[in-house]
Amino acid sequence: MSAPVALIDCNNYYVSCERAFDASLVGVPVIILSNNDGCAIARSGEAKALGVKMGDPVHLIRDKIRQHGIRVLSSNYALYGDMQRRVVAAIEPFARDFEIYSIDETFVDFAGFEHLDLAAHSRAMCAQVRQWTTIPTCVGIASTKTLAKLANAAAKKNPTFDGVADLRDEDLCRWVLDQFDVDDVWGVGRATAAKLAGLDICTAGQLRDMALKQARAIGGVVLERLVAELRGVPACAIETVEPQRKGMAVTRSFGTPVTDMDMLMGAVAQYAMRAGEKLRQHGLVAGRLTVFFHTNRHKQDQPQYSATRTLSMQPMTNDGLMLLAYARRGIESAWREGYGITKAGVMLEDLIDADRRPRTLFEDDSGRRDRLMVAMDQVNMRFGTFAAVPASQGFKREWAARSDSKSPNYTTRIAEVPAVKAR
DNA sequence: TCTGGGGTCCTAGGACCC
DNA sequence: TCTGGGGTCCTAGGACCC
């Protein structure tokens with residue numbers, strides 16, 4: 001028997017974060033919108049019960065929102081990111097080790113804890129998270145990460161588990177796997193589910209019983225590993241050290257279409273500067289930059305244009321103004337008049353640690369540019385994003401994404417911290 | 001008027017080399 | 001007239017995740 005693995009997952013995470021600071025959101029249907037206030041990306045239980053689906057475009061559910069008085073909020077990532085820090089701090093004392101898998105999910109290594117009643121231990125962990133953050137959580141325990149994901153889903157779905165499902169019991173595991181559709185399994189998406197349906201494999205239990213060879217034939221090594229995991233044979237370990245990242249991106253949709261190259265340049269200037277900031281935060285430099293922009297693909301009756309330019313950067317850099325210069329070249333070479341551009345972005349690849357950066361013969365080693373970047377980071381940190389920007393970015397930002405109903409930065413900006421009044 | 005953003009991994013196929 | 005086989009590296013694209 002392999003060591004127990006648990007997945008602790010926050011319920012309706014973004015909504016729960018908002019509720020922590022606004023009691024009027026408790027007990028009523030709430031949805032959180034994607035960037036640009038485009039579609040619903042998080043829903044309270046009440047909103048799910050009203051039939052709001054993940055990814056529903058908000059303009060298609062206006063009637064439902066009005067009819068049921070659904071509360072609608074723009075997303076507030078500064079808040080969700082900061083709350084995650086607090087959630088993880090509450091989990092930490094209960095785990096031998098852990099892997100932060102996403103903004104609302106953490107895998108917990110329970111190796112060496114087998115002598116404990118792990119369900120009780122997990123409930124204590126959830127109680128700690130709730131006390132420190134008010135955020136409700138569920139836990140799934142199993143012998144592999146894939147089974148822990150399903151255990152967690154079972155704990156959320158079936159009230160008899162009371163928030164914690166332990167699938168190390170084989171009979172219980174079989175019973176639960178037969179309850180879930182194959183596309184509920186972690187790693188099975190639309191394409192794979194369709195192939196499996198052709199073989200009459202429709203439940204997680206049937207997928208577990210599939211021949212490994214056949215799994216390999218239709219879904220490659222990924223599906224083969226997945227079937228092994230469903231059988232309780234670990235094929236993916238808990239990653240407790242954060243792996244070196246391979247790329248990063250800053251991309252946005254525009255609030256209104258952009259038809260002017262200078263205006264596009266303004267948006268991309270902001271993304272390039274932000275990308276440089278992210279590189280410096282992670283202590284990295286990049287060797288390759290891709291800039292892209294395109295028209296609205298949902299409107300096929302309008303003229304479509306999509307462009308991508310990839311440039312290799314020498315020397316490798318994390319200097320925002322350098323990134324901006326490369327991005328500018330890409331845009332100038334790809335720009336065409338006569339289109340309404342609705343999205344653009346800057347992506348960086350070939351990332352390595354800044355202190356392992358290969359030196360080139362003719363570069364400026366004085367460090368002046370590094371100091372400029374440090375200064376800009378400090379100004380923006382202290383006076384708010386966009387306090388110091390290159391002139392090409394402009395200050396009007398006509399293209400800025402919509403964010404009409406964002407909650408305050410309760411925990412990350414001192415001016416917006418909620419005040420508690422004594423009576 | 002109105003449809004997100006940011007990642008990872010795997011595979012196939014071309015270029016190139018010996 | 002006849003024209004190998006195998007390895008590596010890189011890139012683009014698909015699939016999936018939250």
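Numbered from 1 within each chain, the chains take letters A, B, ... in sequence-line order.
Within a 6.0 Å sphere centred on CD of A:Q300, heavy atoms belonging to other residues, nucleotides or ligands number more than 12. The 12-atom threshold is not exceeded at CD of A:Q314, counting heavy atoms of other residues, nucleotides or ligands nearer than 6.0 Å.
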Let me see the working for A:W186 and A:F180 under ring pair (Phe, Tyr, Trp, His ring centres under 6.0 Å), right down to the final yes or no.
CA-CA 11 Å; A:W186 188 35; A:F180 279 98; over 10 Å; no
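Distance, A:Q304 CD to B:dT3 C1': 13 Å, rounded to whole Å. Taking atom CZ of residue A:R402 and atom C1' of nucleotide B:dC2, one finds them 6 Å apart after rounding to whole Å. C:dG13 atom P lies 13 Å from atom CD of A:E349, rounded to whole Å. At whole-Å resolution of the value, CH2 in A:W186 and P in C:dC18 are 8 Å apart. Rounded to whole Å, the distance from CZ on A:R43 to C1' on B:dG4 is 15 Å. Taking atom CG on A:L279 and atom P on B:dG6, their separation rounds to 13 Å, with Å as the unit. The distance from atom CD1 of A:I103 to atom P of B:dG6 is 13 Å, rounded to the nearest whole Å. B:dG4 atom P lies 11 Å from atom CG of A:L33, rounded to whole Å.
With hydrogens and angles ignored, the 3.5 Å screen pairs a side-chain donor or acceptor of A:Q304 with a backbone N or O of A:K299.
For A:R86, the side chain to side chain donor-acceptor pair (under 3.5 Å) partners two or more places apart in sequence, or in a different chain, are A:D82.
In this structure the side chain of A:V87 reaches within 4.5 angstrom of the side chain of A:I135, judged on heavy atoms. For the pair A:F110/A:V5, no side-chain contact is recorded, criterion being any heavy-atom separation below 4.5 Å from C-beta on.
For the OP1/OP2 pair of B:dG7 and a distance below 4.0 Å, the side-chain nitrogens and oxygens of A:R245 include at least one atom meeting the criterion. Between A:K343 and B:dG5 there is a side-chain polar atom (N or O) within less than 4.0 angstrom of OP1 or OP2. OP1 or OP2 of B:dC10 lies within a sub-4.0 Å distance of a side-chain N or O belonging to A:R225. Look at A:S253 and you'll find a side-chain N or O under 4.0 angstrom from OP1 or OP2 of B:dG5. Using a 4.0 Å cut-off, some side-chain N or O of A:R252 falls inside it from OP1 or OP2 of B:dG6. Remark: A:K246 is not in phosphate contact with B:dC10, judged by side-chain N or O atoms under 4.0 Å from OP1 or OP2.
A:M347 comes within 4.0 angstrom of no nucleic acid atom, judged by non-hydrogen atoms across all strands. Residue contacts shown for A:V58 are absent, as no nucleic acid heavy atom lies under 4.0 Å away. Using a 4.0 Å heavy-atom distance criterion, A:D37 is classed as making no nucleic acid contact. No engagement by A:R62 is indicated, since no non-hydrogen atom pair under 4.0 Å with the nucleic acid exists. Note on A:T192: only backbone sugar-phosphate atoms sit closer than 4.0 angstrom, heavy atoms only; bases stay farther off. At a threshold of 4.0 angstrom between heavy atoms, the contacts of A:G55 with the nucleic acid are absent. At a threshold of 4.0 angstrom between heavy atoms, the contacts of A:V346 with the nucleic acid are absent.
Projected onto DNA chain B by closest heavy-atom contact, A:S34 and A:V221 fall at different nucleotides, the more 5' of which corresponds to A:S34.
Checking B:dC10, B:dG6, B:dG4 against every side-chain atom of A:V222, the shortest atom distance belongs to B:dC10. Of the candidate nucleotides B:dG4, B:dG7, C:dC18, B:dG4 has the atom nearest to the side chain of A:C39. Comparing C:dC18, B:dG4, B:dG6 against the side chain of A:N35 picks out B:dG4 as the nearest. Here B:dC2 is the nucleotide among C:dC17, B:dG6, B:dC2 with the atom lying nearest to any side-chain atom of A:H59. Proximity note for A:K149 (side chain, C-beta onward) versus C:dC18, C:dC16, B:dG4: the nearest is C:dC18.
Remark: A:R190 does not engage A:D183 in a salt bridge, criterion side-chain N to carboxylate O under 4.0 Å. At a threshold of 4.0 Å, the pair A:E46-A:R19 counts as salt-bridged, since one of the basic side-chain nitrogens sits closer than that to a carboxylate oxygen. A salt bridge links A:E99 to A:K145: at least one charged side-chain nitrogen sits closer than 4.0 Å to a carboxylate oxygen.
Between A:Y305 and A:H294, the distance from one ring center to the other does not fall under 6.0 angstrom.
Using a 4.0 Å cut-off on heavy atoms, the residues of residues 284-299 of chain A that approach DNA chain B are A:H298, A:K299, listed by number.
Under a cutoff of 6.0 Å and an axis angle of 45°, A:K343 and A:F293 do not form a cation-pi pair.
For DNA chain C, each stem of at least three Watson-Crick or G-U pairs (distances under 3.5 Å) is given as range with range: B:5-18 with C:5-18.
Atom name C1', nucleotides C:dC17 and B:dG4: the rounded distance is 14 Å, in whole Å.
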